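Read the structure below first, then the notes.
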Amino acid sequence: MIHLYDSLEGEVRELALRDEGRVAIYLCGPTVYDLPHLGHGRHALVWDVLRRWLTFEGLEVNFVSNVTDIDDKIIARAALEETSEEAVAASNEDEWWRAMEALGVAPPTHTPHATAFVAEMIALINELLALDVAYQLDDGVYFDVSRVGDYGRLSGQSLESLRAGARVEANEAKRSPLDFTLWKNAKPGEPTWEAPFGAGRPGWHTECVVMSLALLGEGFDLHCGGLDLKFPHHENERAQASALSRAFATHWAHHGWVMVGEEKMSKSLGNFTSLTDLLASTDPRAYRLLVLRSHYRSPIEVTPETIADAERSLERIDAFARRFSLAPLAGERMERASDHDFSGPAAMLHTRIQSALEDDLDTPQAIAKIFDAISQTNVAADRGDVRGAAQMARAVAALLGALGLRLHASLDEVDETSADLATKRDGARAAGDFAEADRLREELSQRGWVIEDGPHGSTLRRT
RNA sequence: GGCGGCGUGGCCGAGUGGUUAGGCAGGGGCCUGCAAAGCCCCGUACUCCGGUUCGAAUCCGGACGCCGCCUCCA
């Protein structure tokens, strides 16, 4: 079973499952007020890889990731664009799923929307009020953090030190500056729901507690998200569940940032590249490879250089896929180890990848092992071990599929003129007219093709 | 102020108390009509200063530099 760093315990430990053979994961999804950026891309890719791997290993993964479709920023954006909150949320959510599809991120098992769970959130806030863990002020309902014994545990900080670092609050009436909003009272023109404690809308921290418990049940296995959600968002989710004596996530995992230069990429800093822009200009698989080859908890640098590096690296994989005519696995469908043959020389490869990934999702190690296997397979084939090489190659394809990295083995569709030029060149070579052959190769190159001569004739591929 | 992280070869980026990370780029060679792909070989490394140790880039202490969270944020 996989071992993951648990942010709550501060150590790598086995992911203990509530139900044998089944994993229940909750991932905090996007607030759809703007285009997704590179950071969201990493977020989606990291947890997609985890999910695919667990599935590959035969577990039934219930992967829930929400969409926050009501929030201050959506309201602000709607006002700015003179449109409705629904329209802002819908268009950005569409953009999100388009980007996810391009990245090869499989859709979650469930995608709850905050606005569909308002009744449940109201019920939860009511319970908290009844327990006097929540209190009402002029502008809404607040959660009293002092009522939770271990508040701050996830952040690794005491209540006192958190309080010391807290900035000056707008609402001085709060019992503690750390108290957070459960419900915001209605303001004119804003989306509003009726509630016993006043018309208004939910605060951000309640939706994830409600939806995770509703869809995954108490004591679900893993709650994950970006490091920036650890505090206050995840701390606050935990606090609410704890106040209600409901068993919450048993394991917490957080991934690191995408960096721009020496700074975190974030919307508030404005230093972000949208996923849409990236995907328009590069092979989406390059970004997945870039993410895979560094550890999920480390920061990654995404620059034109690192992307180009990953693209060239991908080229080695694709050349391998062409050589062995490998099928492009991965995509919406999730691979399972049981559907593949890991006998013979492939068994050790599978084991190596397994131990790498089970050790806190060590994808860089796994990728290195895959590149090792690619070299070994090429050597075997050069040596004439066709059978062994083919077996290894299929195992490599299956494991890349398990990581969601799609191969590009199929040859590009060749237009008639180019195909014609290639045929002419083959003829010129056969006739020993190498000057003409080189001229035709140059012409093909101008048209964007690389020609490779093999034992069974030449093939064309896109540059 | 509190808490946490990082500093590796031309670049990216892992890992480990002594034995090859991996990729990209570069040099040499094999193969090829020449290429491409593939294969073989090669170089430069662990911020600095102390300490522990037979041995540290890896453990401990200190210094310097950098980053993040403590406010919305993947």
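To find a chain, count down the sequence lines: A is the first, B the second, and so on, and within it residues start at 1. This one's a predicted model, so the numbers in the text were calculated from it and none came from an experiment. When reading the values below, keep in mind they use all heavy atoms of this one structure, side chains included, and skip hydrogens, waters and symmetry mates.
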message: Counting distance alone, no hydrogens or angles: does the base of B/C24 have a donor or acceptor under 3.5 Å from a partner atom on the side chain of A/R316?
response: no

task: Answer with base, sugar-phosphate or nothing: what part of the nucleic acid does A/M259 contact at a heavy-atom distance below 4.0 Å?
output: sugar-phosphate

query: Does the gap between the ring centers of A/F220 and A/F248 come in under 6.0 Å?
result: yes

- prompt: Between A/R316 and A/F371, is NZ or CZ placed under 6.0 angstrom from the six-membered ring centre and within 45° of the ring axis?
  reply: no

query: Mind checking whether A/F180 and A/W204 have ring centres under 6.0 Å apart?
result: no

query: Would you call A/F371 stacked on B/G22, i.e. ring centres under 5.5 Å apart with the planes less than 30° off parallel?
result: no

message: For B/C67, does the base pair up with any side-chain atom of A/K264 as donor and acceptor (N or O, under 3.5 Å, distance only)?
response: no

- prompt: With distance as the sole criterion, do the side chain of A/D372 and the base of B/G22 form a donor-acceptor contact below 3.5 Å?
  reply: no

Donor-acceptor pair present, A/K267 side chain and B/C73 base, under 3.5 Å: no

Donor-acceptor pair (no angle test) under 3.5 Å: A/R322 side chain, B/A37 base: no

message: Between B/C48 and B/A74, how many Å separate the two P atoms, rounded to a whole number?
response: 38 Å

message: Using the C1' atom as the point on both nucleotides, what is the distance between B/A57 and B/G17, in whole Å?
response: 10 Å

task: Answer with base, sugar-phosphate or nothing: what part of the nucleic acid does A/P232 contact at a heavy-atom distance below 4.0 Å?
output: sugar-phosphate

- prompt: Just checking A/D438: base, sugar-phosphate only, or nothing, at a heavy-atom cut-off of under 4.0 Å?
  reply: base

Side-chain donor/acceptor of A/D382 to base of B/C40, under 3.5 Å: no

